[in-house]
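In what follows, chains carry the letters A, B, and so on, assigned in the order in which the sequence lines appear, proteins first and then strands, with residues in each chain numbered from 1.
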Number of protein chains: 2
Amino acid sequence: MARPRTFDEDRLLTGAMHVFRRQGFAASSVRDLEEASGMTSGSLYNSYRDKQGLFEAASAHYNRTVLARRIEDHAPEGAGIAGLRRLFLSLLREPDGGSSGCLITNSAVEFGGKEQAGFVTEGLAVLRACFADRLGGNDTEAVGLLALYQGILVLIRAGYDKAALEAMITQHFETLEKRHGC
Amino acid sequence: MARPRTFDEDRLLTGAMHVFRRQGFAASSVRDLEEASGMTSGSLYNSYRDKQGLFEAASAHYNRTVLARRIEDHAPEGAGIAGLRRLFLSLLREPDGGSSGCLITNSAVEFGGKEQAGFVTEGLAVLRACFADRLGGNDTEAVGLLALYQGILVLIRAGYDKAALEAMITQHFETLEKRHGC
DNA sequence: TGCATTACATAATGCGCGTTATGAAATTAG
DNA sequence: CTAATTTCATAACGCGCATTATGTAATGCA
């Protein structure tokens, strides 16, 4: 019917996602997004209506790829508490030192107070469900792990001492496994 | 010597602090700060050099008043683990529902990746030291509480279910006290 | 081969931002 | 009373922002 698209949407969304993770929504200019996505602003607006629309697409992309993949890689179904420990420790081993943080955490804070974007509540629900399942169904404990997870991401983004965090995670899961052992 | 100041610096800093807490640094315009502080931009720039300078003053004010007062009110020296529980539960009882969040947490996320502002690392250190002391010196456990604390603030700001958080906190400190009991 | 339609690039627009310049008001020192 | 100095209000400035308008390239359909 018409001219076909030539750009790689996956690359585009991945680039935009990185910008939003690093800088947040408000501090990311459309120029930044042009450079990171390799696309001109006209096309961005043609495809995603506006900056907000691009953000929504990029954040859905985050949930689909980064979040889901991290769970699948470290704590898939049946991995139990050992999987959760791997998941938590993996946060310390991010390529850039984890300074980009988690788009869910970052957005929860940036848009806090307002009605939250869907992908935030959705991502939090996915994590909570994962934790509850791997813990054997203890939902209250899952909420505790969810909070701990978010807090670790905050501290990592703040440049907090990684060794201290690693020791804390290790000890936390040790006592967690001990408690679930008896 | 010259014309004396007529404005109440405490009110000014408190107003600016609220704006920064609610909206973050980037999303807070100088106009917002004028309205909240009851001061015109000319005076703001005269007294605090620029927006960044006002932010630094407001965040120092936060550490001095909000943070220090919260610790003193709920978990002063000698209050032990029971005091820490009160401190954590107090986060759920903030006037505005806690949607403004904590300026330390919010700034750690917003400026993540860059060198952190002094008041962030300082505030985190104050909390960690408080936790370690009230726990009886267990530093690794203090880091765990620090992360939990930050994560709770993230979830509150995200509008997370308060009942679930309260149940989680209660249970968490129950097992914590039990462990420190034997 | 046009015609309609969509993709994409370039350029322009208007607005709100942080910041600065200017001037008046208020105070003290001499 | 005057000069010096600092406070504070008003107004203006320039810049970068998100967004829109315009034009051109590429495809399928008639």
Measure from [atom1] on [X] to [atom2] on [N] and round the result to the nearest Å.
X: A/L33; N: D/dG16; atom1: CG; atom2: P; value: 17 Å
X: A/E35; N: C/dA9; atom1: CD; atom2: P; value: 14 Å
X: B/L44; N: D/dT10; atom1: CG; atom2: C1'; value: 14 Å
X: B/D50; N: C/dC17; atom1: CG; atom2: C1'; value: 14 Å
X: B/Y45; N: D/dC13; atom1: OH; atom2: C1'; value: 13 Å
X: B/Y48; N: C/dG18; atom1: OH; atom2: C1'; value: 18 Å
X: A/N46; N: D/dT24; atom1: CG; atom2: P; value: 17 Å
X: B/F7; N: D/dT7; atom1: CZ; atom2: C1'; value: 9 Å

Q.
Restricting to side chain to side chain donor-acceptor pair (under 3.5 Å), what partner residues turn up for B/Y48, sequence neighbours left out?
A. B/E9
(Q) Counting the atoms with a prime plus P, OP1 and OP2 as sugar-phosphate, which does A/T40 contact under 4.0 Å by heavy atoms, base, sugar-phosphate, or nothing? (A) base
(Q) Applying a 4.0 Å non-hydrogen cut-off, can you work out what B/T6 is touching in the nucleic acid: base, sugar-phosphate, or nothing? (A) sugar-phosphate
(Q) On DNA chain C, does the nearest nucleotide to A/M39 precede the nearest nucleotide to B/G42 from the 5' side, or the other way round? Give the residue. (A) A/M39
Q. Mapping A/S41 and A/S47 onto DNA chain C by nearest heavy atom, which one lands closer to the 5' end?
A. A/S47
Q: May I ask you to decide if the ring planes of A/F88 and A/F131 are parallel, tilted or perpendicular, using 30° and 60° as cut-offs?
A: tilted
Q) Does OP1 or OP2 of D/dA9 have a side-chain N or O of B/S43 closer than 4.0 Å? A) yes
Q) Counting only side-chain N and O atoms of A/R31, is one of them less than 4.0 Å from OP1 or OP2 of D/dC17? A) yes
**Q.** A/S29 and A/D32: side chain donor to acceptor below 3.5 Å
**A.** yes
**Q.** Pairwise side-chain contact, A/L91 with A/Y149, heavy-atom cut-off 4.5 Å (strictly under)
**A.** yes
Q: Without swapping roles, check the side chain of B/S107 against the backbone of B/I104 for a donor-acceptor pair under 3.5 Å.
A: no
